[in-house]
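Read the structure below first, then the notes.
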Amino acid sequence: MTNNSSVVGAKIKGIRETKNLSIEEVAERSGLSVEQVNSIENDQNLPSLGSLIKVARALGVRLGTFLDDNDELGPAVCRAADRTSSISFSNSETGARKNMEYHPLAQQKMGRHMEPFVIDIQANEERDFQLSAHEGEEFIYVLEGDVEIAYGKQVYTLHQGDSIFYDSIVKHHVHGAKGQSAKILAVVYIPF
């Protein structure tokens, strides 16, 4: 599989430069540090989904802009055999742990407001998770394994076939239950 994490940094830098914005301006608008924005652009650390959403908002673009290849006006069909690209994010605003491999399902759909992904959650024994929040909503359906969602002060354990829909403005974290790997379908809605 092709990992597109390096493409994301280049796209962010290209958009920032096209809009004649400095790294400092993007940092101020996004609430991230200059070091975090620089790190994302230079692919030094895996960004969290929350960080990318903040950068997208600061640049005035959809999150999907960082993942898009071609824009289609009609429906976007993603065949399993053709799904070869992926992107990785960390689950921490400051950490660079590769916890999830995101497989975008609608890269070619122009003007979308939802971002659907199949996500492979890697086994991770670490239990000291940093919760993050961003505008919007998320829907998660468990395809394989067991998943824990820390949501505010609650922890929900989902099994294969279970789903959850939540407001992502509440601090949350998604990980494999008992440190195990899992696979989920996730749809992220971010108001623009």
Side-chain angles (χ1 to χ4, degrees), residues 1-72 76 78 83-122 124 126 128-136 138 168-169 171-175 186-192:
M1 281 197 187
T2 305
N3 188 308
N4 287 331
S5 59
S6 62
V7 175
V8 172
K11 283 188 178 182
I12 290 170
K13 184 175 183 178
I15 293 166
R16 178 181 60 76
E17 290 174 346
T18 299
K19 293 183 177 255
N20 294 319
L21 294 171
S22 68
I23 288 178
E24 292 78 12
E25 289 172 308
V26 172
E28 183 179 329
R29 289 180 181 187
S30 66
L32 301 175
S33 69
V34 170
E35 293 77 21
Q36 285 175 300
V37 175
N38 192 43
S39 176
I40 291 169
E41 283 191 3
N42 294 310
D43 302 308
Q44 294 169 340
N45 290 315
L46 292 171
S48 70
L49 183 58
S51 294
L52 284 181
I53 290 167
K54 290 175 183 178
V55 170
R57 284 231 178 256
L59 294 173
V61 298
R62 296 176 298 104
L63 173 65
T65 303
F66 304 148
L67 309 173
D68 292 344
D69 287 333
N70 302 308
D71 288 337
E72 292 288 331
C78 182
R83 197 169 58 235
T84 58
S85 64
S86 66
I87 184 167
S88 297
F89 301 117
S90 73
N91 276 341
S92 166
E93 293 292 334
T94 57
R97 297 178 303 277
K98 180 181 174 181
N99 296 338
M100 297 183 167
E101 190 80 17
Y102 287 65
H103 306 279
L105 300 176
Q107 287 178 280
Q108 294 80 23
K109 177 64 178 153
M110 185 172 73
R112 65 188 180 274
H113 298 283
M114 298 183 299
E115 294 296 335
F117 300 97
V118 169
I119 303 173
D120 293 317
I121 300 173
Q122 308 301 321
N124 184 355
E126 184 175 333
D128 185 23
F129 299 113
Q130 182 176 345
L131 282 62
S132 64
H134 53 86
E135 291 184 56
E138 294 183 30
S168 45
I169 195 72
K171 289 194 171 201
H172 60 280
H173 190 279
V174 178
H175 51 272
V187 180
V188 179
Y189 166 73
I190 301 147
F192 186 69

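Just the heavy atoms: all of them, side chains too, but no hydrogens, waters or symmetry mates, feed the values below. Residue numbers start at 1 and run along the sequence shown.
- The backbone N or O of I190 lies less than 3.5 Å from no partner atom in the side chain of H113, so there is not a single donor-acceptor pair.
- The shortest heavy-atom contact between L21 and A58 is CD1-O, 4.4 Å.
- A donor-acceptor pair is defined here as one N or O able to donate and one able to accept, closer than 3.5 Å; such a pair exists between the side chain of N42 and the backbone of N38.
- Atom-to-atom distance recorded for H175:NE2 and M100:CE is 9.0 Å, nearest 0.5 angstrom.
- Across V55 and S30, no two heavy atoms sit closer than the pair N-CB, 4.2 Å.
- Annotation: side chain of S168 is not in contact with side chain of V188 (no heavy-atom distance under 4.5 Å).
- Between L59 and I15, the closest heavy-atom pair is CD1-CG2, 3.9 Å.
- Between E115 and E138, every side-chain heavy-atom pair lies at or beyond the 4.5 Å cut-off.
- Looking at Q122 and E101, their side chains come closer than 4.5 Å, going by heavy atoms from C-beta outward.
- Contact detail for P116 and M114: the closest heavy-atom pair is CD-O, 3.6 Å.
- For the side chain to side chain contact (heavy atoms under 4.5 Å, CB included) with H134, the qualifying choice from H172, R57, K171 is H172, the only one to do so.
- Around CD of E25, the count of heavy atoms belonging to other residues, nucleotides or ligands within 6.0 Å exceeds 12.
- Closest approach of V37 and A27 over heavy atoms only: CG2-CA, 3.9 Å.
- In this structure, the separation between CZ on R16 and CG on N20 is 10.0 Å, given to the nearest 0.5 Å.
- Expressed to the nearest 0.5 Å, how far CD1 of I23 lies from CD of E35 amounts to 10.0 Å.
- Within the 4.5 Å cutoff, the side chain of K19 has heavy atoms near those of the V61 side chain.
- Between V187 and L105, the closest side-chain pair of non-hydrogen atoms is not below 4.5 Å.
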